[in-house]
2 protein chains.
Amino acid sequence: MPTRPALSPERVVDAAVRVADRGGLALVSMRNVGRELGVEAMSLYHHVAGKDALLDALADRVFGEIGLPAPDRPWRPAMADRAASARVVLSAHPWALGLVESRRNPGPALLRHHDAVLGCLRRNGFTVAMAAHAYSVLDAYVYGFVLTEVNLPFEPGEGPDEFVEALNLPVDAYPHLAEMVAEHVRGRDYAYAHEFEYGLELILDGLAARAGT
Amino acid sequence: MPTRPALSPERVVDAAVRVADRGGLALVSMRNVGRELGVEAMSLYHHVAGKDALLDALADRVFGEIGLPAPDRPWRPAMADRAASARVVLSAHPWALGLVESRRNPGPALLRHHDAVLGCLRRNGFTVAMAAHAYSVLDAYVYGFVLTEVNLPFEPGEGPDEFVEALNLPVDAYPHLAEMVAEHVRGRDYAYAHEFEYGLELILDGLAARAGT
DNA sequence: ACCTGAACACCGTTCAAGT
DNA sequence: ACCTGAACACCGTTCAAGT
């Protein structure tokens, strides 16, 4: 019979990612992750210090998936690609943002990522202060966009129309919201995704003007 | 003896806010909220449908604290004030962002807020499409900034220096991160808070240019 | 109408015991 | 060295019972 491969911190984190992708952060319990590995919950404690350490590792695993900027590219396409990659990865694991909010210990993948982004900006003539500005505004935008995108009240598949019906917005109470829905969303195959590029370009334009590059 | 005031949905949500402010979202359990009110957990079910409904109400309560734009102000200061107010409120209740990520049912306070912001933009000459762009980029920025701010690895009081010591960043592995810390953070009474205004002004400039107002 | 106690199926973690 | 069973103090929720 196929003897079960030995447990390891990596295999435990892998299993936790699978559980989270399947049912969200709430289902990531020591018991569920153990079951995913065909093992009792208590066995996991030989490989991770506890649930908190497992969640730290989970967060760092996701950041490791985000593409690093190539060291020799101009900053603007490099930052645009990084933002797009971060959005794809964080949207694919919607539970990851919930982790960002509560994890205080930056892991090696996150530190590596920060270093690569700063390096790209510095090599392209950004001062240290300007690189700090750029990183702050870009990161905030990407995180925040994914946060609202993940939280959209309608599923990506169904489109907003069904949702609008269900919400049954009282027009007199929320006239401007109703206008927005009627003119900009309903029946227009409104893709919230397009907003991402608009805001990103706006920010990159602003950074280019201020950095003088 | 002072007879206990009758329970009500409002009092239950109030108690949940107190529990969350004290110990974070993880401590908001039906049992803990009940204890806060001097009542058994099961009593709460007569006033809220369940824990999920309680969390929805908790999220909407926080949004209700964010200041609405005055109806007759120019859009730019109104948006700047709204962003600042949202940042203050969300930072004061750091657990609220964790709720945004998981709540799909917009409550009345959130709808009212959205409507007021859109109204301000429309009255100031923004087209419907441009108002959608503006709302998207501003909201993403504010949410994302608070998310990273709340998650800063050092406490607001202690400043970053102690943290930098504790992290003991390996300079050879993360040269650019080390440079940023050495030149821009350490001993310079670096206030991450200042980054908020920088990014916000950058975005408002971009919107003004694009909206032509 | 409102509150409760017991119960059920969960949770993280400790610890002594097994192999 | 690695895995486990029982135990402890929790969790959301149901339900029959009390007032």
Side-chain angles (χ1 to χ4, degrees), chain A residues 1-61 95-96 98-99 101-105, chain B residues 1-61 95-96 98-99 101-105:
Chain A
M1 55 248 141
T3 122
R4 197 171 59 206
L7 247 43
S8 69
E10 286 71 31
R11 292 209 344 113
V12 172
V13 177
D14 285 347
V17 170
R18 288 197 300 276
V19 172
D21 281 343
R22 203 186 304 136
L25 219 47
L27 260 62
V28 179
S29 66
M30 299 301 271
R31 284 165 161 94
N32 276 338
V33 174
R35 183 155 34 233
E36 175 79 17
L37 291 162
V39 111
E40 298 299 315
M42 305 77 202
S43 307
L44 306 179
Y45 286 83
H46 292 277
H47 301 97
V48 295
K51 186 170 183 190
D52 235 50
L54 177 56
L55 293 181
D56 279 338
L58 213 49
D60 210 51
R61 169 69 55 94
W95 43 268
L99 239 35
E101 184 249 339
S102 58
R103 301 291 99 192
R104 271 224 163 74
N105 307 318
Chain B
M1 56 245 143
T3 124
R4 197 171 61 205
L7 247 43
S8 70
E10 287 69 33
R11 294 212 338 115
V12 171
V13 177
D14 285 347
V17 170
R18 287 197 300 275
V19 171
D21 282 344
R22 202 184 306 134
L25 219 47
L27 261 61
V28 179
S29 66
M30 299 302 270
R31 283 165 161 95
N32 277 337
V33 174
R35 183 152 36 231
E36 176 78 17
L37 291 163
V39 111
E40 298 299 314
M42 305 76 205
S43 306
L44 306 179
Y45 285 84
H46 292 277
H47 302 96
V48 295
K51 185 169 183 190
D52 237 49
L54 177 56
L55 293 181
D56 279 338
L58 213 47
D60 210 51
R61 168 70 54 97
W95 44 266
L99 280 179
E101 185 247 340
S102 57
R103 302 291 100 190
R104 272 224 163 75
N105 306 320

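Note on naming: letters A, B, ... go to the chains in the order of the sequence lines (proteins, then strands), and numbering restarts at 1 for each one.
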Distance in Å, B:S8 OG paired with B:D14 CG, rounded so as to fall on 0.5 Å steps: 7.5 Å

Dot-bracket line, read 5' to 3' along DNA chain C, where crossing pairs take [ ] and | marks a partner on another strand, Watson-Crick or G-U under 3.5 Å: ||.|||||...|||||.||

Annotated protein contacts, base or backbone, on nucleotides 8-19 of chain C with a non-hydrogen cut-off under 4.0 Å, one of B, S, - each: ---BBBB-----

Within-4.5 Å side-chain heavy-atom neighbours: A:H46 and A:L7: no

Value in whole Å for how far the C1' atom of C:dT4 lies from CD of B:E40: 6 Å

Distance, nearest 0.5 Å, that separates CZ of A:R11 from CG of A:L44: 11.0 Å

Heavy-atom check, side chain of B:W95 versus side chain of B:L58, under 4.5 Å: yes

Closest approach of A:L27 to A:N32 (non-hydrogen atoms, all atoms of both residues): O-ND2, 2.8 Å

B:H47 side-chain N/O to C:dC3 phosphate OP1/OP2 under 4.0 Å: yes

Shortest non-hydrogen contact between A:E10 and A:R61, atoms and distance: O-NH2, 3.9 Å

Rounded distance [0.5 Å steps], CG in A:L55 versus CG in A:L99: 5.5 Å

d(CG, A:L37; P, D:dT4) in whole Å: 11 Å

Short side-chain N/O contact to D:dT4 OP1/OP2 from A:S43, under 4.0 Å: yes

Heavy-atom check, side chain of B:V19 versus side chain of B:R35, under 4.5 Å: no

B:H46 (side chain) and C:dC2 (base): donor-acceptor pair under 3.5 Å: no

